[in-house]
A.B. asks: 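Could you have a look at this structure, given as structure tokens, before my questions?
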Amino acid sequence: MEPGETAEEAVKREAWEEAGLTLEHIAWLAEYTIVLPTGVKAVKWVYTADVYDVAARPHDSEILDVWVPRPAIDPATVRQCHTVSPVMKDEMFSCLFPMARQRCLERRM
């Protein structure tokens, strides 16, 4: 989060900067702590959201490419997929994917 920014504003900004996404119906899902290679602990927040629009990322985006698999790929498949970020291959994705999928199903009802 940037100074003066709410968590929801940060989620929206990061989604736009990293993937060119405009989000709505943002909802907190989980929180977990990781230990960085420097030994510093960092808290990660996980949110679900509906993608309202997809547009070109800002010209100064640090992300090289964005890929949204349809249908969503499960954690076991993610670990085998060379085009998926290593960040998505940890145990946390395996835990959070079922929770996120359930939340999406509940919203559709």
Side-chain angles (χ1 to χ4, degrees):
M1 290 179 10
E2 294 181 353
E5 190 175 50
T6 68
E8 186 170 312
E9 289 168 340
V11 169
K12 288 180 178 181
R13 178 184 50 76
E14 287 289 337
W16 164 249
E17 290 176 357
E18 309 254 339
L21 303 177
T22 302
L23 303 178
E24 52 184 30
H25 307 119
I26 297 168
W28 181 87
L29 180 66
E31 176 182 301
Y32 65 99
T33 303
I34 62 169
V35 179
L36 300 173
T38 60
V40 174
K41 291 183 179 179
V43 176
K44 297 286 191 170
W45 293 337
V46 181
Y47 290 83
T48 60
D50 293 331
V51 176
Y52 175 75
D53 193 18
V54 180
R57 294 180 309 283
H59 71 281
D60 59 348
S61 176
E62 63 210 31
I63 302 303
L64 300 176
D65 193 16
V66 176
W67 172 58
V68 180
R70 295 286 187 237
I73 53 179
D74 64 82
T77 305
V78 164
R79 286 198 180 98
Q80 305 304 318
C81 189
H82 70 280
T83 59
V84 174
S85 166
V87 173
M88 299 298 291
K89 295 181 180 184
D90 67 9
E91 290 302 314
M92 196 51 56
F93 182 66
S94 297
C95 295
L96 295 173
F97 182 81
M99 294 168 61
R101 175 174 273 167
Q102 182 62 36
R103 177 164 297 162
C104 290
L105 292 173
E106 290 169 358
R107 272 206 301 242
R108 290 181 186 158
M109 298 174 122

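In this text the structure is predicted, and so the values were computed from the model without any measurement. We number each residue from 1, following the sequence as shown.
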A.B. asks: Only counting residues at least two apart or in another chain, list the ones meeting side-chain hydrogen bond (donor to acceptor under 3.5 Å, both in side chains) with E9.
C.D. replies: T6

A.B. asks: Please step through side-chain contact (heavy atoms from CB on, under 4.5 Å) for the pair Y32 and L96, ending with a clear verdict.
C.D. replies: CA-CA 11 Å; Y32 65 99; L96 295 173; 4.2 Å; yes

A.B. asks: Which heavy atom in T48 sits nearest to a heavy atom in A100, and how many Å separate them?
C.D. replies: CG2-CB, 4.0 Å

A.B. asks: At what distance, to the nearest 0.5 angstrom, does CE of M99 lie from CD of Q102?
C.D. replies: 10.5 Å

A.B. asks: Do the side chains of I26 and V51 join up, straight or via other hydrophobic residues, at under 4.5 Å, putting them in one cluster?
C.D. replies: yes

A.B. asks: Can you tell if the side chain of W16 reaches within under 4.5 Å of the side chain of K12, non-hydrogen atoms only?
C.D. replies: no

A.B. asks: Any side-chain heavy-atom pair from V43 and W45 closer than 4.5 angstrom?
C.D. replies: yes

A.B. asks: Measuring only between side-chain heavy atoms, which start at C-beta, is D53 closer than 4.5 Å to L21?
C.D. replies: no

A.B. asks: Could you measure the distance from the NZ atom of K44 to the OG1 atom of T33? Nearest 0.5 Å is fine.
C.D. replies: 11.0 Å

A.B. asks: Which pair of heavy atoms, one from A15 and one from L23, lies closest together, and at what distance?
C.D. replies: CB-CD1, 3.5 Å

A.B. asks: Can you measure from CD (E14) to CD (E18) and round to the nearest 0.5 angstrom?
C.D. replies: 5.0 Å

A.B. asks: Determine whether W28 and L105 fall in the same hydrophobic cluster, where Ile, Leu, Val, Met, Phe, Trp and Tyr are linked whenever their side-chain heavy atoms lie under 4.5 Å apart.
C.D. replies: no

A.B. asks: Output all residues satisfying salt bridge (charged side-chain N to carboxylate O under 4.0 Å, His left out) with E31, sequence neighbours left out; order by chain, then residue number.
C.D. replies: none

A.B. asks: Are I34 and Y47 joined in one hydrophobic group, where the rule is that I, L, V, M, F, W and Y side chains link up if heavy atoms are under 4.5 Å apart?
C.D. replies: no

A.B. asks: Applying side-chain contact (heavy atoms from CB on, under 4.5 Å), run through V35 and V40 and close with a yes or a no.
C.D. replies: CA-CA 6 Å; V35 179; V40 174; over 6 Å; no

A.B. asks: Which heavy-atom pair separates M1 from A7 by the least distance, and what is that distance?
C.D. replies: SD-CA, 3.5 Å

